[in-house]
Amino acid sequence: MLPPFGLAAVLMQWQFAPIVTGCSVIAVGLYCWGVIRVARRHPARPWPAWRTGLFIAGIAVIVLATQSGIGAYDDVLFYDHMVQHLMFLMVAPPLLIAGQPLTLLLHASRNPLHTWAKRFLRSRLANFLTWPVFGAVAYALAVLAAHLSAIANYVDQNQLAHNAEHALFVLIGYLFYLPILGHEPIRWRLSYPVRFVILVLLMPVDTFTGLALGYGSASSPGVPTGPRPAWAPSPVSDLHLGGALMWIGGDGIMFGLMMLVFLMWSRDERSGISGRSWFERARRENLATLVATQQPALAADSAATAGTAPAGSRSTIDDDEHLAAYNAYLARLNEPPPAGTS
C-alpha cells in the first residue's frame, strides 16, 4: 500500500537492502583506507579530494537506486524501474570511474597485493574485459535483452534475477565506460575521436529501445502484470512512460557524456604538441593565419609600437608580436574613415 509516486515518496519511502548496504560500506571503507595510505606515504601529493567525492557519489547513486523510494517502487511502476536502470548503467559507473579506484589500489598497496593487482591488470582476462569492443557489445546486448526479450518478464517475476540484473548493469556500465572516460592502468588507450565515435554508435541502442517500448502493447515484454495501486497508470501507459524515459533520458545522458569527452579532449595536453592541447594549438594557428594575411601593414604598426625593426627581418613571430600585431589590427579597424569617404 504505497502512496502515490513522487518526489516526497522517493525521499520518504526507504527500504533496507542488506547486501547493497554491506557492499557499499566495504567499498567506501576500502577506498578511504587507500586515501589515508597514500596521504601517509606521499604527504606532498595526497589523493585528490574531488576523486574521493566522485567515487562516494557513485556509491550513493547505487544506494539511492536500490533503497530509496526509487527502489521501493521498482516492482510497481515500470517507468520507475527504467529510472533505476539508467542510474545503474549510465550514472553510477562514470562516477566510480572518475574516482580511479584501480590507480588508488596500486598507489596504496604493498607487496604482495601490489604485485597481484599489477599482474591481474596486465592479464589476458583483464585485457578482454576492458576491450572496448567487448564493452560496447555487452552494453548493447544488456539494454536490448533486458527490455525487449522474454528476460524482462523473467526478471519481473524472479527477485533474485532482478537483483542480479542490477549488479550486472553496474558491472557492464563500468567496463563499457572505463576505456572511454577513465585513466586507469589498463592496456587500451583510445584516442578522443574514437571515444566520441563509440558513444555516437551506441546512442541508437537507447533510442531504439525507448521507441520500441514507447510503441509497445499489452503483449510486449516487460509490461507489469502484478496488482497495481489505484493511482498508478495502466500497464500499457506505464510501459510507454518507461520507453520515453529510456529514449529521452538515455540519449540525454549519452549526449552529456559526449560533451564530457569533448571537454577532456580540449584540456588534454597529451593530445597536442610540446604540451599544448589541440584547442590551444588551434587558437595559435588561427591567430598566425590572421597576422599573415595582414603582414605588410601589421609589421609596420608593430615596429612603430614596439620600437623595433620590421617583423620581416625574422623568420618567425612570437606570441608577444602576434598580440601587438593583433592589437594594431583592431586599432586600424576602429579608425574613423578619411574625410570625403562614405
Side-chain angles (χ1 to χ4, degrees), residues 10 15-31 51-75 80-105 120-121 125-126 128-132 134-147 151-152 154-156 158-182 184 186 198-199 202 205-206 209 242 245-246 249-250 253-254 256-257 260:
V10 170
Q15 62 181 7
F16 179 63
I19 296 179
V20 175
T21 301
C23 293
S24 300
V25 170
I26 292 174
V28 173
L30 290 176
Y31 192 95
R51 291 200 180 277
T52 304
L54 289 177
F55 182 85
I56 295 177
I59 298 296
V61 169
I62 297 175
V63 172
L64 287 174
T66 53
Q67 303 192 57
S68 70
I70 297 175
Y73 285 79
D74 70 334
D75 292 327
D80 173 68
H81 189 57
M82 198 60 59
V83 172
Q84 197 180 46
H85 284 185
L86 293 177
M87 295 175 70
F88 286 136
L89 193 61
M90 306 184 72
V91 179
L95 293 172
L96 297 176
I97 291 169
Q100 290 191 352
L102 301 179
T103 301
L104 178 62
L105 173 62
F120 173 76
L121 291 175
L125 177 61
F128 177 76
L129 292 176
T130 58
W131 185 29
F134 171 78
V137 172
Y139 179 94
L141 291 178
V143 172
L144 295 174
H147 303 104
I151 295 177
Y154 177 75
V155 169
D156 185 51
N158 189 303
Q159 189 61 38
L160 181 61
H162 194 172
N163 296 333
E165 179 189 57
H166 296 168
L168 187 63
F169 275 0
V170 175
L171 177 61
I172 289 177
Y174 186 89
L175 295 177
F176 170 64
Y177 291 115
L178 180 59
I180 299 175
L181 303 176
E184 297 281 28
I186 60 176
I198 292 176
L199 294 178
L202 266 294
V205 175
D206 300 325
T209 303
L245 281 172
M246 170 58 76
I253 296 174
M254 191 70 79
L257 295 176
L260 177 60

Q. So do R51 and L104 actually touch side chain to side chain, heavy atoms under 4.5 Å?
A. no

Q.
When you measure from the side chain of Q15 to the backbone of G71, do you find a donor-acceptor pair of N or O atoms at a distance under 3.5 Å?
A. yes

Q) G99 and Y31: which non-hydrogen atoms are nearest, and at how many Å? A) O-OH, 2.6 Å

Q | Side chain to side chain, F176 and P93, heavy atoms closer than 4.5 Å | A | no

Q) Which pair of non-hydrogen atoms, one from G250 and one from L86, has the smallest distance, and what is that distance? A) CA-CD2, 4.0 Å

Q: Taking all non-hydrogen atoms of both residues into account, name the closest pair between V63 and S24 and its distance.
A: CG2-OG, 3.5 Å

Q.
My understanding is that only residues two or more places apart in sequence, or in another chain, count here; which of them pass side chain to side chain contact (heavy atoms under 4.5 Å, CB included) with V61?
A. M87, V91, A92, L95

Q. At what distance, to the nearest 0.5 angstrom, does CE of M82 lie from CG of D74?
A. 11.5 Å

Side-chain donor/acceptor pairs under 3.5 Å, residues 164-173, sequence neighbours excluded:
residue: E165; atom: OE1; partner: H85; partner atom: NE2; Å: 3.2
residue: H166; atom: NE2; partner: Q84; partner atom: OE1; Å: 3.1
residue: H166; atom: NE2; partner: H162; partner atom: NE2; Å: 3.1

Q) Any side chain to side chain donor-acceptor pair (under 3.5 Å) pairs touching residues 55-71, not counting sequence neighbours? A) T21-Q67

Q. Closest heavy-atom contact between I198 and P132?
A. CD1-CB, 4.2 Å

Q: Please report the shortest heavy-atom distance between E184 and T103, naming the atom on each side.
A: OE1-OG1, 2.6 Å

Q: Kindly indicate whether the side chain of F120, heavy atoms from C-beta on, has any atom under 4.5 Å from the side chain of L125.
A: yes

